[in-house]
Amino acid sequence: MPTFSFPAIDPERFAVLLALGFFLGLAFEEYFARSRIKPPGGVRTFPLLSLTGALLYALEPEHGLLFLGGLAILGTWLSIYYRERLAHQLTETGGPDEDAATRLDAGIMAPTGNLLAFLLGPIALAAPLWVAVSVAVAAVLLTGARESLHALAAKLGGEELSTLGKFLIVIGIVLPLVPHEPVTTLTDITPYEVWLAVVAVSTLSYASYLVQRFLAPRHGVLISAALGGLYSSTATTVVLSRRVRGNMVAPARTQAAIVLATAIMFLRIIVVVGVFTVPLALKLLPSIAILCPAGLLISAWLMWSAPKPANEAAETTTPTNPLELSTAIIFAVLFIALSIAVAWAKTRFGENGIFALGMLAGFTDVDPFVLSLAQGTSRAIDLDVAASAILLAASANNLLKASYTLAFAGRNNGLKPALALFALSAAGVLAAFHTLGWF
């Protein structure tokens, strides 16, 4: 006579499963505390559902037919319940009810919670325990955070969600698909390296934008300038210069903010270069260690000379979204063009060609040029030459920002920060010459 042998179940997993089912039940009960009609499930039902799912899976774990049968039965019953609940609601109210408690009843949280409790059974038995615990904790946190999540969704709006989707496309879809081999003889930089540079700058830009937009929107023009300098010191300079000319913010503090954005730009350069080539970052470090603190000291001096503003919130700059797919494509095109130009200039004119190209690049966008050199140092570009060219590009960019400051802020409000940017530009040129060993 055949004997039936029940599969062994780890007592620890069994105890954890019951605890997680009870945990989910408590969160479920709290979620529906304001509901007029108690939905199915709770502190008693969920542990039983978890235990049932575990037992059905343990009885036939190879194909899971018993578990799938139980899941089908539970899903069918929940579908009937959900349909009847909606019909009952419409019968009571004569139409869609806008009452918050009734809307809560009509949601899919009830069937979702029951299904999740049932699925915890095989997860707790077959997967590592941290998986089951993580699933339960995530479900409870999401359940309890309904009001804050709804407020966040309302605050974000469609534009922010669209931007997040674009960022995910840039980093999660395009990057894995681009080839790792060169596709032209004009440059040996691969499409993957090009898009990796786009991802590096886009990630830094988007992160600083999110902090400025949502975490520190009311902490004054200085923090806004520091965060803005992480993704575009040039754009931040233009915005602040326009605002100070229109007397929208305290002039002295805004002058300090303009210089602060450039000081942060030096940090951005060393971080971006360090991502791709540490030796070049180390070559730049002595110069950056002088230029960045110099900018910070000048900014601090300008700030100390400013009276405290009457309305701190009025000083907050409104950040513009730096992440657009068109911007990423333009950046990639500039990166490729400058990479080809660097190789051509080095071949045709030697080191002087790269220096001249760096000065020209500084008057457009310094990041593509910096990244083209950062990825080109492993391709027979001397570290001293690359570091000096980057410093010259940054100096040209500072010269451009000084001109913008005078043009947009006017002589009265723009002279001090413009002189500071001129000084940083000259110091950058001297640092470039020193790196080359010219003095």
Side-chain angles (χ1 to χ4, degrees), residues 205 208-209 212 220-266 268-269 291-292 294-303 305-306 309 314-322 324 326-327 330-331 334 356-370 390-430 432:
S205 302
S208 62
Y209 165 77
Q212 186 178 359
V221 67
L222 292 173
I223 291 182
S224 296
L227 295 173
L230 286 176
Y231 65 82
S232 177
S233 60
T234 304
T236 303
T237 298
V238 171
V239 170
L240 292 173
S241 298
R242 285 175 174 172
R243 290 171 67 89
V244 74
R245 182 164 193 162
N247 294 321
M248 299 173 65
V249 290
R253 292 176 70 86
T254 309
Q255 292 167 355
I258 290 173
V259 180
L260 177 62
T262 292
I264 299 300
M265 178 200 71
F266 291 116
R268 185 183 82 236
I269 289 176
L291 293 171
C292 180
L296 293 175
L297 288 174
I298 295 173
S299 176
W301 177 76
L302 291 172
M303 181 182 64
S305 68
E315 287 200 48
T316 303
T317 60
T318 302
T320 56
N321 196 322
E324 295 291 343
S326 59
T327 304
I330 292 173
F331 184 95
L334 285 174
L357 189 61
M359 296 292 290
L360 292 175
F363 286 104
T364 55
D365 190 351
V366 69
D367 285 330
F369 179 75
V370 169
I390 289 174
L391 292 171
L392 289 175
S395 297
N397 188 252
N398 288 337
L399 189 63
L400 175 68
K401 286 180 290 189
S403 302
Y404 282 158
T405 302
L406 284 176
F408 291 110
R411 180 177 178 182
N412 291 334
N413 293 326
L415 183 59
K416 286 183 179 180
L419 289 175
L421 293 175
F422 278 128
L424 290 174
S425 177
V429 173
L430 293 177

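All of these numbers come straight from a predicted model, not from anything done at the bench. Just the heavy atoms: all of them, side chains too, but no hydrogens, waters or symmetry mates, feed the values below.
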How far apart are the closest heavy atoms of [X] and [Y], and which atoms are they?
| X | Y | result |
| --- | --- | --- |
| T405 | G414 | CG2-O, 3.5 Å |
| F266 | A394 | CE2-CB, 4.3 Å |
| V259 | G295 | CG1-O, 3.5 Å |
| N413 | Q255 | O-NE2, 2.9 Å |
| A256 | S299 | O-OG, 2.8 Å |
| A427 | L291 | CB-CD2, 3.6 Å |

Gap between atom CZ of F408 and atom CD1 of I258 - 0.5 Å precision: 11.5 Å
Which value, rounded to the nearest 0.5 Å, describes the distance between L424 atom CG and S395 atom OG? 9.0 Å
Mind checking what makes side-chain contact (heavy atoms from CB on, under 4.5 Å) contact with [X], not counting sequence neighbours?
| X | value |
| --- | --- |
| A263 | L296 |
| L392 | F355, M359, V429, A432 |
| I264 | A226, L230, L260, L267 |

Exam field: side chain S425 to backbone L421, donor-acceptor pair closer than 3.5 Å: no
So, using side chain to side chain donor-acceptor pair (under 3.5 Å) as the criterion, who are the partners of T262 when residues are at least two apart?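 So T262 forms a side chain to side chain donor-acceptor pair (under 3.5 Å) with K401.
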